[in-house]
There are 2 protein chains.
Amino acid sequence: MARAGLTPELLTRAGAELADEVGFDQVTVSALARRFDVKVASLYSHLKSSHDLRTRIALLALEEMADRAADALAGRAGKDALTAFADTYRDYARAHPGRYAAARYRLDPETAARSAGVRHAQMTRAILRGYDLTEPDQTHAVRLLGSVFHGYVDLELAGGFDHSRPDSQESWVRVLDALDATLRNWPSA
Amino acid sequence: MARAGLTPELLTRAGAELADEVGFDQVTVSALARRFDVKVASLYSHLKSSHDLRTRIALLALEEMADRAADALAGRAGKDALTAFADTYRDYARAHPGRYAAARYRLDPETAARSAGVRHAQMTRAILRGYDLTEPDQTHAVRLLGSVFHGYVDLELAGGFDHSRPDSQESWVRVLDALDATLRNWPSA
DNA sequence: TCGAGTTGCCTAAAGTCTTTAGGAAACTGC
DNA sequence: GCAGTTTCCTAAAGACTTTAGGCAACTCGA
């Protein structure tokens with residue numbers, strides 16, 4: 001029988017597409033096998049387990065987001081950098097909801113340390129260089145930014161802002177305005 | 001054979017405990033049946049489906065959180081109300097991670113409209129009465145608060161702040177300080 | 001280019017979970 | 001105490017995960 005030419009990378013990309021189409025938690029080894037017209041057991045030559053597949057998709061999503069964020073950040077500083085960064089995050093989530101959910105998949109500490117999650121943290125700190133914060137306030141601010149970005153995008157994706165006025169885009173802009181103001185006037189302890 | 005005396009309410013409570021012990025996505029009809037020493041099919045006299053079980057747990061969690069938040073809010077205003085509200089949210093999540101995850105389970109619009117989620121929104125608006133915001137800024141602020149609370153708690157629960165200094169409690173306090181300052185000096189459009 | 005070794009896909013099978021159908025024992029109320 | 005209802009059961013089918021073992025299809029050295 002002709003070989004299908006599967007590789008872990010190919011399966012991961014297809015898994016990411018599947019996630020965007022049907023949701024990250026609907027990504028199964030079975031569904032992926034179906035997509036390649038191959039028996040389920042065959043995939044186990046390339047993937048250790050269902051968890052392995054999910055982890056690979058998560059790492060892919062983190063990489064993609066970090067790459068886009070890095071592009072967006074190039075040559076920007078201050079509020080300009082803040083909004084560019086935040087927008088890539090939100091835009092990615094809306095274009096790729098399954099991948100975004102994947103990026104929130106719980107990784108074990110070693111995997112997380114080797115992931116592009118580290119670059120995210122570095123970029124967040126880079127943005128804060130445009131504001132006048134020193135440790136430990138900078139760390140507090142990193143956590144605030146992470147919370148707002150993740151929280152807003154997550155609620156928006158869950159449909160939380162769907163059926164109320166004003167529309168989400170408007171709130172997003174105003175939330176970023178508020179965040180910028182907060183960073184410029186960070187209250188001391 | 002003696003009856004087990006199951007009811008949807010009993011099963012929901014047990015499901016919530018199970019969620020806190022093993023995680024919300026590990027809550028299955030099978031595991032619940034095991035816990036009551038009863039065959040799986042028996043539970044289908046009380047629950048429509050696995051989705052029904054999850055929905056009930058979600059509604060329970062939303063109720064519990066709203067009740068605690070209402071208690072915490074009684075007699076408080078301004079920053080005092082803000083932190084009390086935020087703390088009940090975070091404390092609940094840390095004490096009941098499975099239930100907290102359940103509260104984020106996607107409900108269909110009608111169910112959501114009948115859920116305690118509505119009370120959460122009302123309480124958030126009540127807190128903002130202590131600040132000087134009018135529509136549509138109040139709505140933007142509601143969304144900001146929801147994002148920060150949810151985002152922070154979610155990241156913290158995912159272990160995002162585990163292995164770095166300063167500890168999460170300290171950041172939480174400073175984030176709430178910053179949020180209070182933001183609301184007091186909300187930037188106009 | 002041909003044989004040896006490796007790899008990739010297969011069948012088979014066991015264990016998990018969900019859900020429905022249909023039956024019998026245990027309750028309920030008249 | 002009997003009729004009707006409810007609750008739990010057995011049985012079964014369908015989906016997903018994972019492992020074991022087999023054979024065909026590649027790869028490479030001689």
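Values in this document were obtained by computation on a predicted structure and should not be read as measured data. Chain A is the first sequence line, chain B the second, and so forth, proteins listed ahead of strands; every chain is numbered from 1. Heavy-atom basis, side chains included; hydrogens, waters and symmetry copies ignored.
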Q: Would you mind listing every side-chain hydrogen bond (donor to acceptor under 3.5 Å, both in side chains) that reaches into residues 24-35 of chain A, with sequence neighbours excluded?
A: Glu21(A)-Arg35(A)
**Q.** Pairwise side-chain hydrogen bond (donor to acceptor under 3.5 Å, both in side chains) hits with a residue in residues 65-78 of chain A, at least two apart
**A.**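 For residues 65-78 of chain A: Asp67(A)-Arg119(A).
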Q. If an axis is fit to five pairs at each end of the helix from dT1(C)-dA30(D) to dC30(C)-dG1(D), what is the angle between the two, to the nearest 10°?
A. 10°
Q. Ring pair (Phe, Tyr, Trp, His ring centres under 6.0 Å) with Phe24(B): which residues, sequence neighbours excluded?
A. Tyr105(B)
Quick check against the 3.5 Å criterion: does [X] have a side-chain atom that pairs as donor or acceptor with the backbone of [Y]?
| X | Y | value |
| --- | --- | --- |
| Asp52(B) | Leu47(B) | no |
| Asn185(A) | Ala181(A) | yes |
| Thr55(A) | His51(A) | yes |

Q. Using a cut-off of 4.0 Å on non-hydrogen atoms, how would the nucleic acid contact of Ala31(A) be classed: base, sugar-phosphate, or nothing?
A. nothing
Q: Remember a base hit wins even if backbone is also touched, and classify Leu43(A) as base, sugar-phosphate or nothing at under 4.0 Å, heavy atoms.
A: nothing
In this structure, how many angstroms lie between the [atom2] atom of [N] and the [atom1] atom of [X], rounded?
| X | N | atom1 | atom2 | value |
| --- | --- | --- | --- | --- |
| Tyr44(B) | dA13(D) | OH | C1' | 13 Å |
| Arg3(A) | dC9(C) | CZ | C1' | 7 Å |
| Gln26(A) | dT17(D) | CD | P | 11 Å |
| Leu10(A) | dG8(C) | CG | P | 13 Å |
| Leu6(A) | dC26(D) | CG | P | 13 Å |
| Leu11(A) | dG8(C) | CG | P | 11 Å |

Q. Knowing that exactly one of Glu64(B), Glu17(B), Glu63(B) qualifies, which makes a salt bridge (Lys or Arg N to Asp or Glu O under 4.0 Å) with Arg99(B)?
A. Glu64(B)
Q.
Could you walk me through whether Glu156(B) and Arg143(A) satisfy the salt bridge (charged side-chain N to carboxylate O under 4.0 Å, His left out) test, starting with their C-alpha distance in whole Å, then the side-chain angles of each, then the deciding distance to 0.1 Å, before giving a yes or no?
A. CA-CA 10 Å; Glu156(B) 183 178 40; Arg143(A) 291 170 174 177; over 6 Å; no
Q.
Under a plain distance cut-off of 3.5 Å, with no hydrogens placed, do Asp87(B) and Trp172(B) share a side-chain donor-acceptor pair?
A.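 There is such a pair (donor and acceptor under 3.5 Å, judged by atom type) between the side chains of Trp172(B) and Asp87(B).
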Q.
Just by distance, no angles: are the side chains of Tyr44(A) and Ser49(A) close enough, under 3.5 Å, to form a donor-acceptor pair?
A. no
Q: Please lay out, stage by stage, how Arg125(A) and Glu135(A) fare under the test salt bridge (charged side-chain N to carboxylate O under 4.0 Å, His left out).
A: CA-CA 11 Å; Arg125(A) 284 208 130 77; Glu135(A) 289 298 355; 2.6 Å; yes
Check nucleotides 11-16 of chain C against the protein and report each pair of N or O atoms closer than 3.5 Å, with its distance, or say if there are none.
none

Q. Looking at residues 45-59 of chain A, who's got a heavy atom less than 4.0 Å off DNA chain D?
A. Ser49(A), Ser50(A)
